[in-house]
Structures are given as structure tokens and as C-alpha cells.
**Student:** 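Would you mind keeping the following structure in view while I ask a few things?
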Protein chains: 2
Amino acid sequence: MSQRNTGVTDQVAEVGDGEDACPVREVLDRISGKWSIQIVLAAAEKPVRFTELERTIPGISRRMLTLTLRSLERDGLLVRTVYPTVPAKVVYSVTDSARELHDAFVTLMDWAERNRSSVTAARAAYDSAALAVAQEEEPVRVPR
Amino acid sequence: MSQRNTGVTDQVAEVGDGEDACPVREVLDRISGKWSIQIVLAAAEKPVRFTELERTIPGISRRMLTLTLRSLERDGLLVRTVYPTVPAKVVYSVTDSARELHDAFVTLMDWAERNRSSVTAARAAYDSAALAVAQEEEPVRVPR
DNA sequence: CCGTATCCGAGGAGATACTG
DNA sequence: CAGTATCTCCTCGGATACGG
């Protein structure tokens, strides 16, 4: 009991949840963790099997896949269905709640693609400026 | 040099960024961290001063405020303006890029408020079910 | 007022090995 | 196939103290 290090917030957290009530934190807690969004994104297209997700999402580990799935299931975003066939087959599908969230994610992804280049550029500019300062030299003044 | 523990991803990360190119990760890296969203949200309403943000955002520490601000500035989401008055005055304002992102955040917040109750309910249901299993008893079968 | 530097704990996440 | 259990590393982020 009293399991340590469950990752992904925790589950069955002390019953007394604590009254945050802040919507910002609620959202963050749900989409943070490297994998939640990608899983919802994948499951929203069509119900997916465990192994399927493992292949669909590049760097995910078995552990994090399981933990994130449980977390999403707990929040009522995914439904886990088990078919008691011989090697057992498990399918995860999104709920209505998650489908709406999915739309919000799409908006976010859209932003990411439209602003990718500008962010990269801003970053490069910021870094080179910081570097110049660190070297106590005049900015962007090329040697030769 | 080679400073440890800068928090908020890191800045000036080894120059060679590594080619992820995954929009999902890009978004996540920007909105993860407990404070980014709230800062953008606040600065989007009107340009804000450092201390102002400190008061506006409840639990934030000076450290995290600075770190997150730098990170957002680096990504071209915030602009830092210094007025060389006597005790110096610094104002942070959002860029166009950030204003679009702000809209996406609003969508997310909207979702959070609309689904707050259903998530809470789903969580309670999941937890009580798990608890019943843990006690090796029949589910939801009240004693008396 | 606007930060920076340092110390340190909590928990997120990978690697690996084992089970029904 | 679909997980669970451990062990461990590392990043995030709070507390605190100091500097221009």
C-alpha cells in the first residue's frame, strides 16, 4: 500500500482532494505530463488498442503509457473496454468530454504550426544576444 | 558557466537544439510549467509590471516568475521594456504571437469550467470502484 | 523595484524485469 | 497482448538570502 512514485499526479490521492477550484490548474494538471495530449489526439481519431498507442506515439514507455491511460480514464476522458478473447484485447476510446478537449488541442496545435518559425527565430535572436552579453562584447558585431 | 537548475526547460540549451519538429512537444514545452499560461493570460489583458504579476498570480515565487518570464521572452511571446526611472520600472507586454496563443488558452479554460463537475464525478466514481476492488469486496454494496 | 544565486526536496519519467 | 513492480536519475520548483 501507500505506493510511491505512481507518476502522472497520483491516483487515489488521499481522498481529501484539496479545494483549488482554479480552472487554470485543472487544465494544466490534465494536459501536463508529456503524453496526455497525444493519447487523446490518437484515441479521438478512432478507438485504439494498447499496443497500437505504443507504436503510434514515438518515445513513450510502457510505464508512462499505462499511467497516463489510467489517469485519463480516471478523469472520465477515456473509456477502457476489455474483450475477453484469448490473448485479451483492450480498446481505449474517448468520451464526449474528451472530444471537446480534443478540439481545444487542435487549436493549440494549429497555433504551434503557424508560429513555429517565429518562435525559433525569436529564440535564436535572444540566445545570440545573451551570448554577446556574456562575452562582454558589442552585439552582433562580426569579427572580420 | 554551465549553470545547473535554471528551471523552465533551460535557456541557451547547448545551442544544438535537437530536431524534434513535433508540434505537440513544442506546445507542451511552452505551456507546461505551472505558470506560463497564467502569465500570458495576465499580460494579454494589459501590459504588466513585475510586482504586479507577483500579486496577480497567487502562489508564484520570485524565482519562478523571473524564470518563466525569461522563457516567454525568449520564445518571442513577451516583450520586456525597461524604463530607466529612479527605482527602475519594467513592463511586460504580449506579442501578436502570444495573443493568438491566448485565444487558444481561453478555449481551454472554457472547457475546464464546463467540464469541471463531470471530471470530479468521474474521478470519485473511479476511486470508489478502485477502493472496492482493493478491499476484495463486491462493488458499491452498502453494509446495512 | 527588480531581480540573481544557492540549497534542497518532491515527483515525473526512463530502463528493466516479471506476470496473467 | 496488456500490463505491474522497482530502482534510479533528473528536472521542476519552493525557500531563503543577497545585489543594483
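Each chain gets a letter, A, B and so on, in the order the sequences are listed, and its residues count up from 1. Source: prediction; values computed, not measured.
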**Student:** Side-chain N or O of Y83(B) versus OP1/OP2 of dC2(C): is the shortest distance under 4.0 Å?
**Tutor:**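 No.
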**Student:** I'd like to check the salt bridge (Lys or Arg N to Asp or Glu O under 4.0 Å) partners of D103(A); sequence neighbours left out, ordered by chain and number.
**Tutor:**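 Per chain and number, D103(A) pairs via salt bridge (Lys or Arg N to Asp or Glu O under 4.0 Å) with no residue.
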**Student:** Check R116(B) against T120(B) and note the closest heavy-atom contact, atom names and distance.
**Tutor:**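 Closest approach of R116(B) to T120(B), heavy atoms only: O-OG1, 2.9 Å.
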**Student:** When the distance from CE of M64(B) to C1' of dG13(D) is rounded to whole Å, what number comes out?
**Tutor:**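 Result: 5 Å.
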**Student:** How many whole angstroms separate atom CG of L28(A) from atom P of dC12(D)?
**Tutor:**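 Rounded to whole Å, this separation is 15 Å.
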**Student:** Taking atom P of dC12(D) as reference, at what distance in whole Å does atom NZ of K34(A) sit?
**Tutor:**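 It works out to 11 Å between those atoms.
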**Student:** Once you apply a heavy-atom cut-off of 4.0 Å, does T66(A) come out as touching a base, just sugar-phosphate, or nothing?
**Tutor:**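 Touches a base.
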**Student:** Taking atom C1' of dA2(D) as reference, at what distance in whole Å does atom CG of L69(A) sit?
**Tutor:**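 One finds 11 Å between C1' of dA2(D) and CG of L69(A), rounded.
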**Student:** Side chain of R63(B), heavy atoms from C-beta onward: which of dG14(D), dG3(D), dA5(D) has the nearest atom to it?
**Tutor:**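 Nearest listed nucleotide: dG14(D).
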**Student:** May I have the distance from R62(B) (atom CZ) to dC18(D) (atom P), rounded to whole angstrom?
**Tutor:**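 After rounding, the gap between these two atoms is 14 Å.
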**Student:** What nucleotide among dA5(D), dG14(D), dA2(D) has an atom nearest to a side-chain atom of S61(B)?
**Tutor:**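 Looking only at side-chain atoms, S61(B) lies closest to dG14(D).
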**Student:** Checking contacts here: which listed nucleotide (dA15(D), dC1(D), dA15(C)) is nearest the side-chain heavy atoms of P87(A)?
**Tutor:**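 Among dA15(D), dC1(D), dA15(C), the one nearest the side chain of P87(A) is dC1(D).
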**Student:** Sequence neighbours excluded, which residues qualify as side-chain hydrogen bond (donor to acceptor under 3.5 Å, both in side chains) partners of T107(B)?
**Tutor:**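 Partners of T107(B) under the side-chain hydrogen bond (donor to acceptor under 3.5 Å, both in side chains) test: none.
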**Student:** Start at the 5' end of DNA chain C and walk down; is the nucleotide closest to G59(A) or to V91(B) reached first?
**Tutor:**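 Nearest nucleotide further toward 5': that of V91(B).
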**Student:** Would you please confirm or rule out a distance under 4.0 Å between OP1 or OP2 of dG3(D) and any side-chain N or O of R80(A)?
**Tutor:**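 Indeed, a polar side-chain atom of R80(A) lies that close.
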**Student:** Should the pair R123(A)-E73(B) be classified as a salt bridge under the 4.0 Å nitrogen-to-oxygen rule?
**Tutor:**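 A salt bridge is absent here (no side-chain N lies under 4.0 Å from a carboxylate O).
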**Student:** Which of residues 42-50 of chain B have a heavy atom under 4.0 Å from DNA chain D?
**Tutor:**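 The answer is none.
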**Student:** Whole angstrom is fine here: how far is it from CD in E54(A) over to C1' in dG14(C)?
**Tutor:**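 Rounded to whole Å, this separation is 13 Å.
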**Student:** For V79(A), which fellow cluster members are found when Ile, Leu, Val, Met, Phe, Trp and Tyr are connected by side-chain heavy-atom distances below 4.5 angstrom, either directly or through intermediates?
**Tutor:**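 So far as hydrophobic clustering goes, V79(A) is joined with none.
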**Student:** Listed by chain and number, what are the salt bridge (Lys or Arg N to Asp or Glu O under 4.0 Å) partners of R62(A), not counting sequence neighbours?
**Tutor:**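 R62(A) satisfies salt bridge (Lys or Arg N to Asp or Glu O under 4.0 Å) with E54(A) once adjacent residues are dropped.
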**Student:** Rounded to the Å, how far apart are E52(B) CD and dG3(C) P?
**Tutor:**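 In whole Å, dG3(C) P and E52(B) CD are 13 Å from each other.
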**Student:** Return the 5'-most residue of the pair A88(B), I60(B) with respect to DNA chain D, ranking by each residue's nearest nucleotide.
**Tutor:**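 Final value for this comparison: I60(B).
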**Student:** Look at the side-chain N and O atoms of R70(B) and state whether any lies under 4.0 Å from the OP1 or OP2 oxygen of dG3(C).
**Tutor:**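 Yes, such a contact exists.
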**Student:** May I ask you to list the residues sharing a hydrophobic cluster with V91(B), side-chain cutoff 4.5 Å, ordered by chain and number?
**Tutor:**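 Cluster partners of V91(B): Y83(B).
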**Student:** Rounded to the Å, how far apart are L65(B) CG and dC1(C) C1'?
**Tutor:**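 Rounded to whole Å, this separation is 13 Å.
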